[in-house]
Amino acid sequence: MKLDYTYTEICEITKGELLAFQNGTNITSIVFDSRKIISAENVLFFALNGDFRNGHSFLQDAHQKGIRHFVVSENISKTLLPDSTIIQVENTLIALQQIASHHRQKFTYPIVAITGSVGKTMVKEWIYHFLASKFRIIRSPKSFNSQLGVALSLLELHEQADIALIEMGISKSDEMNRLEKIVSPDLGVFTAFGSAHQSNFLSHQVHLNEKLIAFKNCAKTIYHASIILTPTQLEFCNGKMIDETILENYIKIPFQDKISKHNVSLAIAFAKEFGLTDEEINQKIKTLPHLAMRMEVFEGINGNTIINDTYNLDIDALTYSLEYQLSISEKQNRVVIIGLDEEAQLRKNEIENLISPFKPEKTIYICGNDSVIAQIENSIILIKGSRKSNMQKIASQFRLKKHKTYLEIDLNAIRSNLAVFKSYLNPDTKILAMVKASSYGSGVERMAAFLEKQGVNYLGVAYADEGVELRKLGITTPILVMNAEEEGFEDCIQFNLEPAIYSFKQLDEFIKELIASGKSAYPIHLKIDTGMRRLGFEIYETEQIIEILQAQPEIRVESVYTHLAETDNFESREFTLKQIEQFNNVCEKLESHLMYKFNKHTLNSEGIANYSDYQLNMVRLGIGMYGYSSNPELKTKLQASIFWKSVVSQVKIVQKNESVGYNRTFKAEEHTQIAIIPVGYADGFKRCLSNGIGSVFIQNQPCKVLGRVCMDMLMVDVTNKNVSEGDEVEIIGLTKTMEEFANQSNTIPYEVMTSISKRVHRVYLEN
Ligand SMILES: *Cc1c(COP(=O)(O)O)cnc(C)c1O
């Protein structure tokens, strides 16, 4: 929020009375939740009276946190808030809305109202996706669409924008009138009209008319064809009807479910109104973000469909999930299962009130370690709860076990790790993210799109094929191919991939290929060997390189790099610094002859942390993104992101003297209980982990491997442990760490990650 209002203005706008006046600084932002006060200077605190909380009870808390400016509606004793300015109004929410409405009137760019019974947030975010590269857009945070949320969204408006997207939601009669007055939108999007909140309205038409009030002054309202408008209604809102046939003009969108198609259609129609060309729209479709990603929808047991949204239980997210559930259930029953941790138990009333208008057939609240006993069939089940509430376990009980073994990649952790690495770098140092070997086994398709979205400057692959695959997926970030082979040069040129050049023969071949295809100034990367003794030009070849480069306009050196042999070991610091010094010498020579600048890079993940002084202007980040490092200090900042999980297939008793597995290498000395797990060396669980060397975790307890690891299965010891069929098994995760697994396998995380077989299903977690 960047406001600038004087007291006189605030009093005038809200018709408030100045109860106390301390100083005349201008107000720059507004808060209403004393828990969320970060900075207090020039901040105006509104004591709002909600259904569950009276803001006036938090005045002192706010004062203690440094707030000195208050708007109240109740009679309060001024002595409670010394040294403060206090404005009294009749109703603090209305006063806040008046300021928002006044603020809105300052701006003349289009304000867009997005309303509808479902899909508002999705449509808003997708419109943003389509338009953001051409326009400066302000949009409501999350799904701020209530009377309060809309006001807060409007207070975010500022001069440096071209469009504002404001979500508007109503649950009671006459609310829209109020919202429309505050927002006074110029354009509208009406996403859908369904039965949520329906019970509070007299009839379907009354409700529809009420919603349409949002658009009464709109020059145009884009609405979905599922909403049937009478000619009068159509004229009232200047409606323009859109349906999914609009998608036929474009490449296939990445999600084929009904609700995504519905919402993308609206977003595309809107983007076209703002002049986006079909070509631009196609480009944007390629990178359309999946907004329901945190929410996983899967096929469950007993014909149920499960919406697993067990990340948090905040109110916005709950509304969104309920809307989503409503939208995908046609005639099926809806069941809502809410996990209440201690904090949420206090909010149970609020949660109940939020759910009740959606009228699910059944709502089940789960506290602590309860499990769901009720028999549920053929329903759409929404499972919701914070991470603490352990609802993930409930969700996995409902999962139809098709892929028992899977690798979960936590993109949130990776995002946070990227930020950690950035903290070692200057703001303008470029990052090349390595996505070779299927992005270290994590699956290149999703990872490359994710990294592109995070704004990495370059992607690095090992072979041209890998780069071609990325281009076909719509990745537009520059791509460096490290082992560019002659056979792949044609592909490089066709798909705009930039080869690393490490020998004269290769350089010569590539130039020939460029001449044949009529290209000039094509970007290449020179790889110099400074001591790794792997691919790379020798240092003494520098002069000869310069001669060729000067004579060949077909190529342009985009970057020069070298690879350091030991960035993770301080004992070889001298060797590493020598490598860097030699590299710098080569660069200097090249630069003095080439007459143009190129990027220079030497550091890998460990290098970034250990040699950040030598970051030059680019670095090559790989394994660190996933949260693995041998630097103890760095390690504490990173989060593990790879979780390999499976499920117990069977539990059985092995009698004394019986043996387990091939060649009978394990013989029971006593009654032993074993669990069989459907993971073997063909999945990447190495055979050297046989006979107690390796272990897995079940119910947070280590269980040693018994006998030999088979191709597709292994057996572990669960004697005296309460383990049953269907229990989740952690092969790699928080209890059985990647590093420990790698150690026991006598290797390093790199090899473990890239050896987890393709048949292990990859799933992604993203908030
Ligand atoms: C793989 C690779 C990297 C990344 O290394 P990490 O140790 O995973 O950070 C950097 N540079 C080159 C040349 C590589 O091959």
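Heavy atoms only: backbone and side chains are in, while hydrogens, waters and symmetry mates are out. Sequential numbering from 1 along the given sequence is applied to the chain's residues.
- The list of side chain to side chain donor-acceptor pair (under 3.5 Å) pairs with a residue in residues 509-524, not counting sequence neighbours, is empty.
- Under a 4.0 Å N-O distance rule, the pair Glu574/Lys578 does not qualify as a salt bridge.
- With respect to the salt-bridge test (charged N to carboxylate O, under 4.0 angstrom), the residues Glu280 and Lys134 qualify.
- By the 4.0 Å N-to-carboxylate-O rule, Glu538 lies close enough to Arg533 to be salt-bridged with it.
- Taking the six-membered ring for Trp and the full ring otherwise, the centers of Tyr626 and Tyr440 sit less than 6.0 Å from each other.
- Taking the ring centre of Tyr561 as origin, the terminal cationic atom of Arg620 falls outside the region bounded by 6.0 Å and 45° from the ring axis.
- Residues Gly474 and Glu452 share a closest heavy-atom pair of O-OE2, 4.2 Å.
- Contact check on Lys600 versus Glu591 returns a salt bridge, with a Lys/Arg side-chain nitrogen under 4.0 Å from an Asp/Glu carboxylate oxygen.
- Of the possible polar contacts, none joining the Glu739 side chain to the Pro749 backbone as a donor-acceptor pair under 3.5 Å is found.
- Taking the six-membered ring for Trp and the full ring otherwise, the centers of Phe504 and Phe537 sit less than 6.0 Å from each other.
- Using a cutoff of 4.0 Å between basic side-chain nitrogens and carboxylate oxygens, Arg759 and Asp712 are scored as salt-bridged.
- A salt bridge does not link Glu445 to Lys472: none of the charged nitrogens lies less than 4.0 Å from a carboxylate oxygen.
- Dense packing is recorded around CG of Asp508, with more than 12 heavy atoms of other residues, nucleotides or ligands lying under 6.0 Å away.
- Counted by atom type alone, Tyr424 and Thr429 present zero donor-acceptor pairs between their side chains at under 3.5 Å.
- Across all non-hydrogen atoms, the minimal contact from Cys688 to Ser745 is SG-O, 3.7 Å.
- In this structure, Tyr628 has its ring center no closer than 6.0 Å to that of Tyr750.
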